[in-house]
Amino acid sequence: MHVRGTVAGEVDVRSVATSYGESELAEVPLRPADDARNGESPARGDGGTATVADGRETTTVTLWNKWTESAELLEPGMELLVTNAKEEEYQGETQYATTGDSYVVVEPSFLVSVTSIRNWVECPRLYYLNKLSGVPLNYPVVKGTLVHEVFGDLLRGRDLEESIEARVEERGLQLGLLGETPAAVKEEIRENATAIEGWLEQGRLTEEDSWRSEQLLISETFGIRGRADAVRRGAPVELKTGKNLKKEPRFKDKVQAACYALLLEEHGGDVDIGTLLYTKNSALDRNEETGDLTPAKEFTMGDGLLKYVVRLRNEIAAMETAGDIPTGYEADAKCEYCFEQDTCMVVSGRLDQESKAGQIGQSLPDEELEYFDRFYRAIEDERREVHREYAKLWEQTAEERADDDRALIDLEFLEKRPLEGGRWELRAHNTGGANSKLREGDLVLASDGDPVRGSSELARIERLDDEIVITADEPVEVTRLDVYPSELTTDRLLVAMHDALLKGDDRRKEILFGRAKPAFDTIEETFIDNNDRQNEAVTKAVGATDCALIHGPPGTGKTYTIARAIRAMVERGERVLLSAFTNRAVDNALEALLEQLEDVIDEDRVVRVGSESGIRDDMEPYRLERAGDPEDRVATLQNAQVVAATTSTCGSRVMKEQAFDVALVDEAAQLTEPGTCAAINLAERFVLVGDHEQLPPVVRAENDLTESLFERLVDLHPEAGVMLDRQYRMNQRIQAFASNEFYDGQLRPATPDVAARTLDDLEGVSRDRLPESLQDPVSFVDVEGDRSQYTDSAEAARIAALIEAYEAAGLERSEIGVIAPFRAQVSEISTHVPDDVAVDTVDRFQGSSQEVIVVSFTATGSLEGPIFEDYRRINVALTRPKRALVLVGDAAALASDPVYERMLEWARR
DNA sequence: ACTCTGCCCAGAGGA
C-alpha cells in the first residue's frame, strides 16, 4: 500500500542492529492525508490504495537505510509519500515502514523537471545558477536543439534533407544572431544525422521497433516531469550531440535516462535498459576500451539507480519547499573542473552566498541584498503556485477542472489527418459551452480523458470554436484539453531581477535604490502646444538621462503622449524599445505610434516581436518572422529603430541580445518590479507610463510583487514624474467622483466640449426618449439582488431592460458596455443581453472605453469579498464611459462601505 | 472568498 501524509513533527534518525547487520532508520511522525480522493490514486500498478485508513491521528512511518537521506530533508508540514509500504502493529498502533520495493517521495506534488535533476546531480549550485541567470543564446545549444528536432522528424518518417532544410529555416533569426550560415549549420547537422540514421537502420534490420518521439511525461507518484527524446519498445533513448569515447555513458546522462525510465514505469512500462546516442561519435572514432564504432551505448538501469534518482529529486523538492539556496557542498563535484566556476564565484561573491567554489568580488550593498532576498522569495512563491497548478491536473476531477476554466472536457473526437513532417492534425467537436482559459495558439495537454495517467500529448490549439483543431506529434483520440502550466514567466522574472542587480550598471541601481536623483537634459522644443502636462511629459521623457515617470489617469491621452515622445526620440536618432505587460497594450501603443511615425521613418524600421497568436491581426505586417535566411532575419531586427514586445518577450534569448537607447513601458502600474526590469534592462534609460490608481499587477501569490516599480519610483522620485491632468473622455459629471476620490480633484476635462458631452451629441440619439431616471449622465438603479454569491439574475434582467431603453433612444448596441466584478456574473448577463453588447469583467475593461457603461455590482446585503476591497477596481469601472454611466446594485449593500457610499451619493445627486 | 496575461514546452551543450 501507499502511505501519504504530512510530516507532523521532528524526524528521528538512528542506527540499529538488525539480523542483516547495522542499519539506518528514520522514524517520521506522519498525519495521513485525509483527502478521500487520494484513495483512488492508482499510482504504481500494484493495486494498492494510496492512503492510510481513516485517521487523522498521527502515525509513524519508518524509512530504512538510504531513504534516511531523504528523511533528513523533511521538515514538519512537508508532504511525504511512501510507495509499497508495509503495515506493522506496534504497541497496539498501526505503523508503516518502507519495503524493498518502496520509493520515498518528498513533496510529491512539486513536479521537478528532468533537466533540473540532471543539473543537480552535477552540482546543486549549477542547478541554482541555471535558474538564476538563465542560459544565453549560444551556438552549441541551438545546434543541439536542431539535431534533436531532426532526430524527432526522422522517427516520424520525414525525409532527412527535407527535415534539415525546414528546421534550419525555422531557426533563421537565432542562427543569424549567432553569425552562422545555413550551409555550414546544415553540414554539421548532417554529420550527426548520419550517426542517427546508421543506428536506426540497424534497429530496422534486426526487429520490429516501436517508436515514440518527444514524449511529454508526468509522474504523479515521483513528482517528476520531462520530455523523452525517444522511446523505443518502451525504453528511453537519449540523444546527445556531443562526443563520448568512453565505454560508459556519462553519469548525468544515465541519471537523465533513469528519470525517463521512472516516468515510463508509471505509464505502464517496465524497463531496465536505457540507450544513449552520442551522435558525434563517428566511424573514425574508436572506443578506447571496446573498439566499438557505433554511437549508441546501452546500459542497465538497476533499482539502485532509480532510487538514487528519486532521492536526488527529493533534495530539489525539499530545497525549493524550504526556500533554501544550495552551496555546492551537497555534491562532491570538483569546482576546478567546472566551466561555471567563475560565474559561480562571482554570484556568490556579489550575493554573499556560501559556496564551495569560493567568492570573488565585493558583496552588493545590504539594501540590494535585502531586495534580492525579498524578490527571490516572492518569485519562488509564484513558482510554487505554478507547481500547484500542475498538481491540479490529477487532484481535480475532470468536472472540477472544467469549472475552473482550465480544461475543456467531453469533446467528441472527429478525425485525424497526417501532416507533412510526420505530425498530425486532430479535430474534435466541442460539446459543452466553451468558457475556458484556453485560446488559439496555446500549448495544451491533449488527452483521451486523463492528461496524467492516460495517453496525452503536448499539442497546439490551431482553431477554437465549435470545432476544435489541434496539431500534435501523435494521433491522440482527443476528448479533453488541459492548460499546460508553464514556469517560463517565472523563470524570466528571476533572470530579469538577477540581471538588474548583478549585470545592471551602477548608475541605474543608484536610481532604483534612491541613492541618486534622476537627471534631465534641458530640452527647448515644444512638442505639444495645447496641453502643458502632455508637453512636459514628452519633454521629460526625451530629456531624461535616467528615467521619467508619466502618470496618466483615465482618458488623459497617455497613448498619444507616448507616441509623440517616441517620435521625438526616433527623430533624435535613438533606438527605442516599446513594451507593456499585455499584447493588447503593446499593440494599442504601437498603433498610435505608427500614426506618429508616418513620414518619419520607413515602416520596415518598426518591428513587433512576439508570437503570431499573441499579436493583433492588423499588426501582423510588423511582426518579426523568425524563420528565413539568417542574415536577412537578423538584419530586419538590427535595422529596426523601434521594437515593440511584451515584457515577457523582452526576457527571451533573442531580445536579450538587443540593446536600446530608451525603453518605454506602457501600463507600467500593471507590472511587477522584475517584470519591468525585463524591459528596462535592455536600455540605457527608461520611461514608465501608467496609473497606479488603476489595477495592480496580476500575481498568483500574495507577496512583494504586488507593488509595481512604477508606483515605487513615483514615490521615490516625484521630481521625475509628471501627471497628465486633462481627460478627453468623460462628461464632467462622470469624471467628478474619480477625480475627487483618486486624483485629489486634479483630473479635469480637457475642453468645455468634453465636459459637456452627452448622448445627444451622437447621431440619431435623443436623451428625451430615455426614461427620466436615465437622462442624467450618471444614474443609479437600485435593485435588490437575488442574494446569490457571484451572480445576480435580478440585476442581469434589469440591465437587459436598460439596454433596451438605450436602444430605443437611438443608441447602437456596439456603443454600450456592461461591466461586472465576477466572471460568473459576466456570463449571467451575457445570457440576458444581445451578443453585440460588450460584457466583461472590470479587469478586462481596463484600457478601453464606451459611450454608455452599465456597471453591475453583484452584491446584496453587504460588500464583503476581496474583489470589492480594492478601490482601484471602482476607479476603472467608473471611468470607462464617455457620455453615460449607470450603476446597478443594491443601495443598502453599497452604503455599507464609506467609499461606495460616497459613490452612491454622487450617483444619486 | 475574486480578478487573470504571459510564454514555443523542456532541454539544448561545453570539458
What is the nucleic acid contact for [X], judged by heavy atoms within less than 4.0 Å: base, sugar-phosphate only, or nothing?
X        : answer
A/Arg171 : nothing
A/Arg460 : base
A/Asp870 : nothing
A/Lys334 : nothing
A/Glu238 : sugar-phosphate

Using a cut-off of 6.0 Å, state whether more than 12 heavy atoms not belonging to A/Arg388 lie near its atom CZ.
no

Reading nucleotides 1-6 of chain B from 5' to 3' and marking B where a protein heavy atom lies under 4.0 Å of the base, S where only the sugar-phosphate is that close, and - otherwise, the string is BBBBBB

[Y] versus [X], side-chain donor and acceptor atoms under 3.5 Å:
X        : Y        : result
A/Tyr278 : A/Asn192 : no
A/His692 : A/Glu707 : no
A/Asn119 : A/Glu122 : no

[X] [atom1] - [N] [atom2] separation (whole Å):
X        : N      : atom1 : atom2 : value
A/Arg250 : B/dA12 : CZ    : P     : 12 Å
A/Phe339 : B/dG13 : CZ    : C1'   : 7 Å
A/Arg492 : B/dA10 : CZ    : C1'   : 13 Å
A/Phe151 : B/dG13 : CZ    : P     : 12 Å
A/Glu625 : B/dC8  : CD    : C1'   : 14 Å
A/Glu612 : B/dC7  : CD    : P     : 13 Å
A/Tyr278 : B/dA15 : OH    : P     : 15 Å
A/Leu217 : B/dC9  : CG    : C1'   : 13 Å

N/O (side chain, [X]) to phosphate O (OP1/OP2, [N]) under 4.0 Å:
X        : N      : value
A/Arg225 : B/dA10 : yes
A/Lys240 : B/dA12 : yes
A/Tyr390 : B/dC9  : no

Taking only the [atom1] atom of each, what is the distance from [N] to [M] in whole angstrom?
N      : M      : atom1 : answer
B/dC8  : B/dA12 : C1'   : 14 Å
B/dA15 : B/dG11 : P     : 23 Å
B/dC2  : B/dG6  : P     : 23 Å

Is [Y] paired with [X] through a side-chain N to carboxylate O contact shorter than 4.0 Å?
X        : Y        : value
A/Glu188 : A/Lys143 : yes
A/Arg225 : A/Glu487 : yes
A/Glu389 : A/Arg406 : yes
A/Glu149 : A/Arg171 : yes

Which nucleotide in B/dC7, B/dC9, B/dA15 has an atom nearest any side-chain atom of A/Tyr484
B/dC9

Sub-4.5 Å side-chain heavy-atom contact between A/Val185 and A/Tyr139:
yes

Are A/Phe375 and A/Leu705 close enough that some pair of their side-chain heavy atoms sits under 4.5 Å apart?
yes

Assert: residue with more 5' nearest nucleotide on DNA chain B, out of A/Pro485 and A/Thr241, is A/Pro485

A/Gln256 vs A/Glu340, nearer the 5' end of DNA chain B by closest nucleotide
A/Gln256

Kindly state which residues belonging to residues 141-150 of chain A come within less than 4.0 angstrom of DNA chain B, counting heavy atoms of the residue only, listed by number.
A/Val141, A/Gly144, A/Thr145, A/His148

May I ask you to verify whether the side chain of A/Arg653 and the base of B/dA12 hold a donor-acceptor pair under 3.5 Å?
yes

Is A/Glu214 side chain donor-acceptor paired with the B/dG11 base, going by distance under 3.5 Å alone?
no

Please identify each residue that fulfils ring-ring contact (aromatic ring centres under 6.0 Å, His included) with A/Phe581, with sequence neighbours left out.
none

